A.B. asks: 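Right, I'll just put the structure down here and ask away after.
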Amino acid sequence: MTESFISELQPKRGKFITFEGGEGGGKSTNIQFAKDYLAEQGIDLLLTREPGGTPLAEEIRGLLLANREESVDEMTELLLVFAARAQHLNQVILPALEKGQWVLCDRFTDATYAYQGAGRGLSIHGIQTLESLVQRELRPDLTLLFDLDVNIGAERARGRGALDRFENQEMAFFERVRDMYLKRSVSESYYRIIDAGRSLPEVQESVKACLQTCLFDKNRQ
Ligand code: Z5A
């Protein structure tokens, strides 16, 4: 068998699509919409989230989100985020992509740049180093950034009840998070900004349009 024939028999790597934004932007609502839309188009996919996505990584998520009396050191927080990510990536995301499944992930490393980098003020260079160590060359094929005024986001998110350790931050923290996402949307070519301040049907039309470009790329391969 020739090498080119063998490579034609192997499944094409799936697309890696991440959903990002500040709190209450509509990631969780729209990832479900994207899942249903892509499934209707015949895409075999996996929906997952960060921090989390495996039993161990979900335990780390619990550690990260819990309100506690002891103050959590920023570096501890960063390393926990990447510990969960290494587990999730190697146990779930990479095997699915290699099988040809598309992976839809509610938050990924862009959230680390926004929350631990801009929010907590940790070194961006340090985050880049951990990103290279844990992910090697893997980056999203597409990131949908649900961009929203932080006060509207907080109102939407706070309608849901008790606040976790991140949701309890002051508004200036969320402004820094939003600014970092917007900055990265300029420097990273895989970003698409979705104006999340519109009605849900309007937002979902934009989500669909972004996904269609991925479907178009797939059909051209
Ligand atoms: N974190 C971190 O620090 N570093 C990292 O590297 C990673 C994460 C990966 C948990 O994330 C925390 O982890 C997160 C950062 C940190 N903390 N914060 N803040 P999460 O994604 O699980 O939690 P979240 O950011 O708090 O997500 P969220 O508040 O659930 O937001 P959302 O998923 O974007 O929103 P939603 O649940 O889809 O919508 C919120 C409400 O708004 C809901 O009632 C909807 O029905 C409503 N909604 C949605 N869209 C609309 C529109 N268009 N109009 C009106 N109402 C709407």
Side-chain angles (χ1 to χ4, degrees), residues 18-35 47-54 57-58 60-67 72-89 92-93 103-122 124 126-128 130-131 134-135 140 143-178 180-181 184 193-208:
T18 64
F19 291 66
E20 296 281 0
E23 60 164 359
K27 294 171 290 83
S28 313
T29 308
N30 286 291
I31 204 170
Q32 287 296 335
F33 170 80
K35 175 184 160 223
L47 192 154
T48 187
R49 70 171 181 181
E50 289 220 344
T54 82
E58 288 290 331
I60 298 174
R61 177 189 178 90
L63 295 177
L64 279 162
L65 298 194
N67 287 303
V72 178
D73 181 78
E74 285 91 357
M75 188 57 73
T76 307
E77 184 176 288
L78 176 67
L79 294 174
L80 283 173
V81 163
F82 270 105
R85 182 160 299 136
Q87 185 70 8
H88 187 207
L89 200 58
V92 175
I93 297 178
V103 174
L104 307 188
C105 192
D106 193 339
R107 295 195 185 280
F108 195 62
T109 305
D110 287 275
T112 315
Y113 282 100
Y115 283 81
Q116 282 65 50
R120 303 288 190 216
L122 287 175
I124 298 301
I127 296 173
Q128 285 166 337
L130 288 169
E131 181 181 43
V134 170
Q135 293 166 222
T143 290
L144 300 182
L145 171 60
F146 293 87
D147 179 55
L148 183 63
D149 177 280
V150 296
N151 295 299
I152 301 174
E155 249 171 60
R156 284 188 190 169
R158 275 145 215 228
R160 290 175 315 195
L163 304 182
D164 65 36
R165 199 169 60 82
F166 287 95
E167 290 164 341
N168 270 318
Q169 294 299 310
E170 77 282 16
M171 291 320 279
F173 177 91
F174 294 109
E175 293 283 9
R176 293 197 295 278
V177 165
R178 184 184 187 196
M180 176 58 88
Y181 273 127
R184 287 182 64 76
I193 302 182
I194 308 260
D195 173 0
R198 296 169 298 159
S199 71
L200 195 52
E202 287 172 308
V203 169
Q204 290 177 339
E205 270 312 303
S206 300
V207 171
K208 215 193 306 187

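What you see is a predicted model, and the numbers here were worked out from it, not measured in a lab. Both counts, for ligands and for their atoms, begin at 1 and track the order of listing.
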A.B. asks: Does Val177 come within less than 4.0 angstrom of ligand 1, counting non-hydrogen atoms of the residue?
C.D. replies: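 Under 4.0 Å: no for Val177.
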
A.B. asks: Measuring from atom CD1 of Ile194 to atom CD of Glu205, what distance do you get when rounded to the nearest 0.5 angstrom?
C.D. replies: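 Rounded to the nearest 0.5 Å, the CD1-CD separation comes out at 11.0 Å.
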
A.B. asks: Measuring from atom 25 (O) of ligand 1, which candidate in Glu23, Arg107, Glu20 has the nearest non-hydrogen atom?
C.D. replies: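 When every heavy atom of Glu23, Arg107, Glu20 is considered, Arg107 comes closest to atom 25 (O) of ligand 1.
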
A.B. asks: Would you indicate whether the side-chain heavy atoms of Glu77 and Leu122 approach each other to under 4.5 Å?
C.D. replies: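 Heavy-atom side-chain distance check fails, nothing below 4.5 Å.
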
A.B. asks: With rounding to the nearest 0.5 angstrom, report the CZ to CG distance, Arg184 to Leu145.
C.D. replies: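 Separation between the atoms: 11.0 Å.
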
A.B. asks: Between Arg61, Arg156, Gln204, Glu77, which one has a non-hydrogen atom sitting closest to atom 48 (N) of ligand 1?
C.D. replies: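 It is Arg156 that holds the nearest heavy atom.
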
A.B. asks: For the CD atom of Gln135 and the CZ atom of Phe108, what is their distance to the nearest 0.5 Å?
C.D. replies: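 Nearest 0.5 Å value for the CD-CZ distance: 4.0 Å.
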
A.B. asks: Considering only heavy atoms from C-beta outward, does the side chain of Gln116 approach that of Phe82 to under 4.5 Å?
C.D. replies: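 They are not in side-chain contact.
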
A.B. asks: Which one of Ala111, Gly22, Gly24 has a non-hydrogen atom at the shortest distance from atom 7 (C) of ligand 1?
C.D. replies: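 Among Ala111, Gly22, Gly24, the closest heavy atom to atom 7 (C) of ligand 1 comes from Ala111.
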
A.B. asks: Is the shortest heavy-atom distance from the side chain of Ser206 to the side chain of Asp195 under 4.5 Å?
C.D. replies: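 Result no, sub-4.5 Å side-chain heavy-atom pair not found.
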
A.B. asks: Is there a protein heavy atom at a distance of less than 4.0 Å from atom 44 (O) of ligand 1?
C.D. replies: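 Flag for atom 44 (O) of ligand 1 set to false, no protein heavy atom closer than 4.0 Å.
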
A.B. asks: Under 4.0 Å from any heavy atom of Thr112, which atoms of ligand 1 are there?
C.D. replies: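 Those qualifying, in numeric order: 5 (C), 6 (O).
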
A.B. asks: If you measure every N or O of Gly26 against every N or O of ligand 1, does any of those distances drop under 3.5 Å?
C.D. replies: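 Right, the criterion is met.
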
A.B. asks: Check this for me - ligand 1, Asn30, N or O atoms closer than 3.5 angstrom, yes or no?
C.D. replies: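 Not met; the criterion fails.
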
A.B. asks: For atom 26 (O) of ligand 1, tell me which residue out of Gln32, Glu167, Gln169 has the closest non-hydrogen atom.
C.D. replies: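 Looking at heavy atoms only, the winner is Glu167.
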
A.B. asks: Using the side chain to side chain donor-acceptor pair (under 3.5 Å) definition, which of the options Glu23, Arg176, Arg120 pairs with Gln169?
C.D. replies: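 Only one option passes, and that is Arg120.
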
A.B. asks: In terms of atom number and element, which parts of ligand 1 are under 4.0 angstrom from non-hydrogen atoms of Gln116?
C.D. replies: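 Result: 2 (C), 3 (O), 4 (N), 5 (C), 6 (O).
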
A.B. asks: Within the supplied structure, the quantity of interest is the number of heavy atoms (other residues, nucleotides, ligands) at a distance under 6.0 Å from Met75 CE; does it exceed 12?
C.D. replies: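 Atom CE in Met75 is not packed in, count stays at 12 or less.
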
A.B. asks: So which protein heavy atom does atom 37 (O) of ligand 1 come closest to, and at what separation?
C.D. replies: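 Ranked first by proximity to atom 37 (O) of ligand 1 is Arg160 NH1, 3.3 Å.
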
A.B. asks: Need the ligand 1 atom indices (1-based, order shown) with element for anything under 4.0 Å from a heavy-atom of Arg85.
C.D. replies: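 By the 4.0 Å cutoff, the relevant atoms are 6 (O), 9 (C).
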
A.B. asks: Between the candidates Ser28, Ser199, Pro51, Gly119, which shows the shortest non-hydrogen contact distance to atom 8 (C) of ligand 1?
C.D. replies: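 Comparing heavy atoms across Ser28, Ser199, Pro51, Gly119, the nearest one to atom 8 (C) of ligand 1 lies in Pro51.
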
A.B. asks: Could you identify the single nearest non-hydrogen protein atom to atom 18 (N) of ligand 1 and state the distance to 0.1 Å?
C.D. replies: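 That would be Phe166 CB, 3.6 Å.
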
A.B. asks: Is the shortest side-chain heavy-atom distance between Pro140 and Asp110 below 4.5 Å?
C.D. replies: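 Side chain of Pro140 against side chain of Asp110, heavy atoms only: contact under 4.5 Å found.
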
A.B. asks: Quick one: nearest non-hydrogen protein atom to atom 12 (C) of ligand 1, plus distance?
C.D. replies: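 Looking only at protein heavy atoms, the one closest to atom 12 (C) of ligand 1 is Leu65 CD2, 3.8 Å.
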
A.B. asks: Show the atoms of ligand 1 that are less than 4.0 angstrom away from any heavy atom in Thr29.
C.D. replies: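 Answer, ordered by atom number: 36 (P), 38 (O), 39 (O), 45 (C), 49 (C).
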
A.B. asks: Nearest 0.5 Å please: distance from the CD atom of Glu20 over to the OH atom of Tyr181.
C.D. replies: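 Spacing of CD (Glu20) from OH (Tyr181) equals 3.5 Å.
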
A.B. asks: If we only count heavy atoms from C-beta on, is the Asn30 to Leu200 side-chain gap below 4.5 Å?
C.D. replies: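 Touching, per the 4.5 Å side-chain cut-off.
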
A.B. asks: At less than 4.0 angstrom from any non-hydrogen atom of Glu50, what atoms of ligand 1 do you find?
C.D. replies: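 The atoms of ligand 1 under 4.0 Å from a heavy atom of Glu50 are 9 (C).
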
A.B. asks: Would you tell me which option among Phe173, Phe19, Phe108, Tyr115 has the nearest heavy-atom contact to atom 19 (N) of ligand 1?
C.D. replies: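 Looking at heavy atoms only, Tyr115 sits closest to atom 19 (N) of ligand 1.
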
A.B. asks: May I ask you to identify, for Arg198, whether its side chain, its backbone, both or neither come under 4.0 Å of ligand 1 on a heavy-atom basis?
C.D. replies: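 The backbone, only.
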
A.B. asks: So, are Arg85 and Glu131 salt-bridged, with charged N and O less than 4.0 Å apart?
C.D. replies: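 Judged by the 4.0 Å cut-off on N to carboxylate O distance, Arg85 and Glu131 do not form a salt bridge.
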
A.B. asks: Gly25 to ligand 1: N or O pair under 3.5 Å?
C.D. replies: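 Looking only at distances, the answer is yes, because the N/O contact criterion of under 3.5 Å is met.
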
A.B. asks: Look at atom 27 (O) of ligand 1 and say which protein heavy atom is nearest, naming residue and atom and giving the distance to 0.1 Å.
C.D. replies: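 Checking every protein heavy atom, the shortest distance to atom 27 (O) of ligand 1 gives Lys27 NZ, 3.2 Å.
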
A.B. asks: Measure the acute angle between the ring planes of Phe173 and Phe166, then classify it against the limits of 30° and 60° as parallel, tilted or perpendicular.
C.D. replies: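 Tilted.
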
